[in-house]
Structure formats: structure tokens, C-alpha cells
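Everything below concerns the one structure shown next.
Labels below follow one simple rule: chain letters A, B, ... track the order of the sequence lines, proteins then strands, and each chain is numbered from 1. Note that the structure is predicted; figures quoted are calculated from it, not measured.
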Amino acid sequence: MNKFAVLIFALIYPLSLLSAAEVIHQERSMYRNILVEDSDNVRCLKFNEQTNETHQSCLYKNDPQRLVFNYTKLLFSGLLVLDKAPERVLIIGLGGGTMSNSIHQLYPNAIIENIEIDPAVLKVARQYFGFIENERISSKVADGRIYIKRAAIKNQQYDWIILDAFNGDYIPEHLLSQEFLKECKDLLTSGGILTSNTFSVSKLYDHESATYKSVFGDFFNVRNGKNSNRVILTSNQPLPNGKVIANRAKALASRLEPFGVDLIKMTSAITSTKDEQDWPESTKVLTDQFSPANLLNQ
Amino acid sequence: MGIELLGGRILAPFFGSSVHIWGSIITVFMLSLSLGYLIGGKLSTKAASLSRYGLIFLIAGIAVLPIALWSTPIMEAIFIQVEDSRYGSFAASMALFFIPTIILGMISPYSVRLLVTDKEKSGQVAGVLYFVSTLGSAIGTIITSFYFVLLFEVNNIIYTFSTILMLLGIAAVIYHRLFIIPSHTLPEALHE
């Protein structure tokens with residue numbers, strides 16, 4: 001019996017060395033498996049879908065303000081296009097609530113609405129990621145498309161819409177159609193911006209680009225070059241030129257520094273589709289009627 | 001099944017892609033299929049013929065057309081009326097799919113009636129029919145979700161389904177008129 005126990009211990013022990021990460025919370029929601037993992041100084045929210053685990057949101061436990069992920073940082077490129085401090089912000093796709101917290105710390109007076117489809121994600125964000133809610137920051141469990149349609153009926157307007165609902169594994173097709181982007185555009189104040197965090201690869205990249213261009217005209221791509229992440233940055237007004245952007249980066253750089261965002265460096269990660277259109281002119285636009293998004297993103 | 005699958009795509013712009021959308025669609029399809037089976041079975045007891053069978057196909061082909069023609073205004077009206085997306089999606093599924101699916105459901109029991117000639121073989125005939133229709137559903141599902149949505153617009157797929165149904169219906173009616181001589185017109189002597 002003793003021998004047996006030793007054998008099992010000997011088998012299991014090396015496994016514990018392999019994964020230093022400790023799962024501190026696990027639950028199965030309506031949509032996916034949700035994991036919260038702690039390793040040393042980093043806490044991560046992970047979705048376990050199909051075969052691969054995707055990191056949704058991470059934070060440094062001893063410095064929660066500092067952003068871990070590059071793409072989250074890239075979303076702040078939006079500040080280079082906005083001509084004033086954002087007063088009303090709409091975030092679709094909550095994750096750990098990192099984006100909402102950061103914007104609140106930067107602009108304490110801004111009204112921020114968070115929309116998340118999965119109630120379990122909202123719960124985890126509150127419990128494990130210090131998601132801040134107060135009279136200015138609200139959260140709602142809803143499908144992003146429905147929320148935007150209702151917001152249009154109520155004549156709500158936003159200076160900044162952040163679309164962060166894609167996780168690389170499954171793309172909600174109804175959040176990537178020409179009709180949806182038009183509905184978003186209609187919610188923007190004059191000079192308001194939309195920043196979308198997307199993962200699209202291969203053929204979908206072309207279709208996605210063509211769809212954004214059909215609604216907004218030329219847009220900015222913000223990339224860090226290494227992976228398939230890109231942030232699409234658009235506005236309902238003409239986008240500013242390089243000089244304006246460089247000046248804004250200089251003016252804001254010190255305020256973004258505590259978040260680990262280097263705005264000056266980021267200016268070189270921005271390319272305009274006016275200068276470089278990297279998809280064929282004939283690419284078909286995605287609509288509610290025609291959207292093979294999940295089939296193309298292989 | 002092809003239409004059921006497209007249902008998700010049709011409802012998404014107004015009611016999202018939450019779990020309850022599929023709940024609504026599947027509930028409405030099951031509900032209307034069950035009613036369709038009942039009505040189709042009842043109908044088959046009275047003067048069943050191939051041309052009436054064809055008529056069911058024809059009506060089904062017409063009944064799916066509103067899905068392509070008026071789904072946007074119908075869903076818009078429901079979206080404004082019903083705040084809760086669960087009941088909204090259920091109401092929209094009812095409005096769009098209830099009637100066509102009832103009519104499609106009538107086809108199965110009516111087929112049993114037409115194909116069964118021998119009481120002894122009725123189970124076998126029903127078995128073959130279930131086999132064909134369920135296998136057809138499986139093929140319809142996979143082709144629609146894997147290929148059709150990649151190649152065509154949702155409305156075009158619905159128009160194609162509708163055309164196929166109507167053509168089948170017309171073919172059945174014509175075949176019946178041309179090749180099957182109605183029994184009451186036959187001379188008395190042949191009835192022996």
C-alpha cells in the first residue's frame with residue numbers, strides 16, 4: 001500500500017513543477033469554461049473553448065494598473081485620434097474589466113458602460129479582477145448587437161466605442177457585418193471613435209478590412225507586428241495626420257506611462273489604409289446576409 | 001433543418017447570438033413539426049392522393065418566402081415591442097417559422113399514407129421514411145452550415161429551398177394527372 005502511494009506521488013509530483021500556475025477559480029458558464037489562474041505575480045482570466053485555452057485578461061497583482069497585454073495597450077491608440085477627453089464610453093466585451101478600470105483612472109469623470117454577454121464573466125471580473133463599478137461605471141449582461149440597437153432607439157451617443165468581443169476561437173458574425181458597423185457609427189458623437197480588437201487571419205482579414213472601409217472609409221491599423229492581433233481604429237470624421245498624432249502622443253505620454261503604455265512608440269505602430277491597403281479591391285463586404293466569418297478564419 | 005440553421009443567422013442582428021436564441025428556434029421548430037405531423041396524419045385519412053401531396057409541397061414553398069421577403073420589418077416590429085431578447089427571439093421565431101414548419105411537418109405522415117400498400121410492411125415503410133428524412137436533415141444541416149453560408153446570401157438560400165419545394169410539388173401534381181388514372185373514372189368492370 002505504501003509503495004503504491006509513493007508511486008503515485010512520484011508520478012504526480014513532476015506535474016506540479018510543470019505548471020507553476022494555480023487555478024484559483026473554475027466554472028462552466030453558458031458559453032464556455034472559465035478559469036482564473038494565479039502564477040507568481042500575474043492573475044489571468046482564461047476561456048477554455050474547444051481545444052485551446054485563450055488568455056482573455058491578465059493583471060499584475062502588485063501593480064494592477066499596469067496593463068499586461070499588448071493589445072489592451074494598443075486600444076489606447078484611440079486617444080491619439082480623439083480631439084478631446086472622452087465623456088461617454090461604451091465597451092463591448094468585458095473580460096476582466098481592465099479596459100474599463102484603466103479608462104476610469106485616466107478620466108474619472110467619464111461615463112463608462114460595459115456590455116458582456118456572459119454573466120459568469122461579469123461575476124469573475126468583480127470577484128477576482130477588481131472591476132470597478134460606481135455611479136459612473138455600469139455593466140450590463142447583454143448581446144452587444146442588441147444593446148447597440150436599443151441605444152440607437154434611445155438616442156444614446158458615445159465618444160468612444162470599444163469592441164473587444166472576439167477571442168480568436170469563435171467570431172460573433174453579427175458583430176462583424178456592414179449593418180452592425182453602421183449601427184455603431186450612428187452612435188458616435190461628431191469626432192467619436194471606434195476601436196476594435198480583432199484576431200482575424202487569412203481570408204477573413206481581407207473581408208473584415210473591406211467591411212470596415214465600406215462603412216468608415218480609410219482607417220488606421222495598429223499592430224505590434226508579432227502576432228495576428230490588430231486594433232482597427234476608425235472615426236466618423238477624417239482621421240488626423242501624422243503631425244497631429246505625434247503632438248497628442250507627446251502631450252498624453254506621461255499620463256499613460258503608469259499603465260505601461262508607451263504612446264510615443266505606439267505612433268510608429270499605426271498605419272493608414274490610405275497609404276497601404278493590404279487586401280484586394282474586389283474583396284466582398286460582410287453583411288448580415290453574407291458572413292462566412294467563422295469559416296474563413298481558419 | 002437547413003432553414004432552422006439559417007434561423008440563427010436571420011435572428012442574430014436583432015436578438016443576438018445568446019444561448020436562448022437557439023432555445024427559441026429549436027422550440028418553435030419542434031412545436032410546429034409536432035403539430036404538422038398531427039395535421040398531416042389527419043389529412044391523409046381523407047382522399048389521399050399524390051396531387052394533394054404535391055399541393056403540400058407547393059404551399060410549403062410559398063410559406064417559406066416571407067422569411068426572405070419580410071423578415072427585417074417583422075423582426076424590427078417585434079424588437080421595438082419586446083424588450084426581453086428571450087421573448088423577442090421566441091416571438092420572432094414564431095412569426096417567421098411557425099407556419100412553414102407546420103406545413104413541412106405534414107409531409108412525413110402523408111408520405112407514410114401514400115407509400116404503405118400492405119399493413120404488414122407499414123413499419124418498414126415508416127422506418128425507411130424516417131431514415132430518408134432524418135438523413136436528409138443531417139445532410140441539409142452540414143451543407144448549409146459548411147458550404148451554403150460561405151457561398152450565398154441567406155435570402156438566396158431560402159429562395160432556392162422554396163423553388164425546390166415548389167418544383168417538387170408541381171412535379172407530383174403533373175405526374176399524378178398524367179400517369180395515374182383516377183379510379184372513379186375507370187369503367188365499372190375493371191374494379192373487379
Side-chain angles (χ1 to χ4, degrees), chain A residues 28-32 92-93 115-122 140-155 165-167 169-184 202-204 207 211 284-298, chain B residues 3 5-25 67-92 96 141-161:
Chain A
R28 180 180 275 279
S29 80
M30 274 191 288
Y31 300 93
R32 50 182 77 93
I92 296 169
I115 308 305
E116 168 60 48
I117 196 169
D118 191 340
V121 171
L122 179 59
K140 199 177 172 199
V141 173
D143 185 288
R145 181 81 185 256
I146 303 177
Y147 191 84
I148 280 190
K149 266 201 202 296
R150 294 241 178 262
I153 293 174
K154 293 177 198 149
N155 284 321
F166 300 171
N167 62 43
D169 225 11
Y170 169 76
I171 290 164
E173 291 148 344
H174 62 305
L175 302 182
L176 184 52
S177 69
Q178 194 181 36
E179 292 90 338
F180 171 69
L181 294 179
K182 276 186 186 149
E183 288 165 13
C184 287
S202 65
K203 276 187 197 156
L204 182 63
H207 287 283
T211 309
K284 245 184 136 175
V285 166
L286 300 171
T287 63
D288 286 338
Q289 283 281 322
F290 174 78
S291 178
N294 284 294
L295 302 176
L296 291 168
N297 199 37
Q298 310 272 321
Chain B
I3 292 176
L5 207 93
L6 291 177
R9 177 65 71 81
I10 293 166
L11 294 184
F14 286 89
F15 305 102
S17 61
S18 320
V19 171
H20 47 256
I21 301 305
W22 287 107
S24 295
I25 293 172
I67 301 173
L69 293 172
W70 302 305
S71 67
T72 306
I74 290 172
M75 286 190 295
E76 226 159 47
I78 294 169
F79 182 77
I80 291 165
Q81 286 295 316
V82 188
E83 280 268 341
D84 189 320
S85 71
R86 286 173 302 173
Y87 298 106
S89 67
F90 187 76
L96 293 173
T141 306
I142 200 165
I143 292 182
T144 307
S145 60
F146 281 26
Y147 302 103
F148 283 178
V149 292
L150 185 70
L151 298 169
F152 311 110
E153 295 200 345
V154 174
N155 282 354
N156 290 341
I157 303 172
I158 292 190
Y159 288 135
T160 310
F161 284 153

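Taking the ring centre of A:Y147 as origin, the terminal cationic atom of A:K140 falls outside the region bounded by 6.0 Å and 45° from the ring axis.
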Using side-chain contact (heavy atoms from CB on, under 4.5 Å), reason through B:T144 and B:F161 one step at a time and then give a plain yes or no. CA-CA 11 Å; B:T144 307; B:F161 284 153; 4.1 Å; yes
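For the residue pair B:S85/B:H20, the side-chain donor-acceptor check at 3.5 Å is satisfied.
With sequence neighbours excluded, no residue satisfies ring pair (Phe, Tyr, Trp, His ring centres under 6.0 Å) with B:F90.
For A:I146, the parts sitting under 4.5 Å from any heavy atom of chain B are the backbone and the side chain alike. Using a 4.5 Å cut-off between heavy atoms, A:S291 contacts chain B through both its backbone and its side chain. At a 4.5 Å heavy-atom cutoff, the contact between B:F152 and chain A is made by backbone atoms alone. Contacts between B:L151 and chain A at a heavy-atom distance below 4.5 Å involve the backbone alone (N, CA, C, O). Of the two parts of A:E173, only the side chain, counted from C-beta on, holds a non-hydrogen atom closer than 4.5 Å to a non-hydrogen atom of chain B.
A salt bridge is defined here as a Lys NZ or Arg NE, NH1 or NH2 lying under 4.0 Å from an Asp or Glu carboxylate O, and B:R86 with B:D84 meets this definition.
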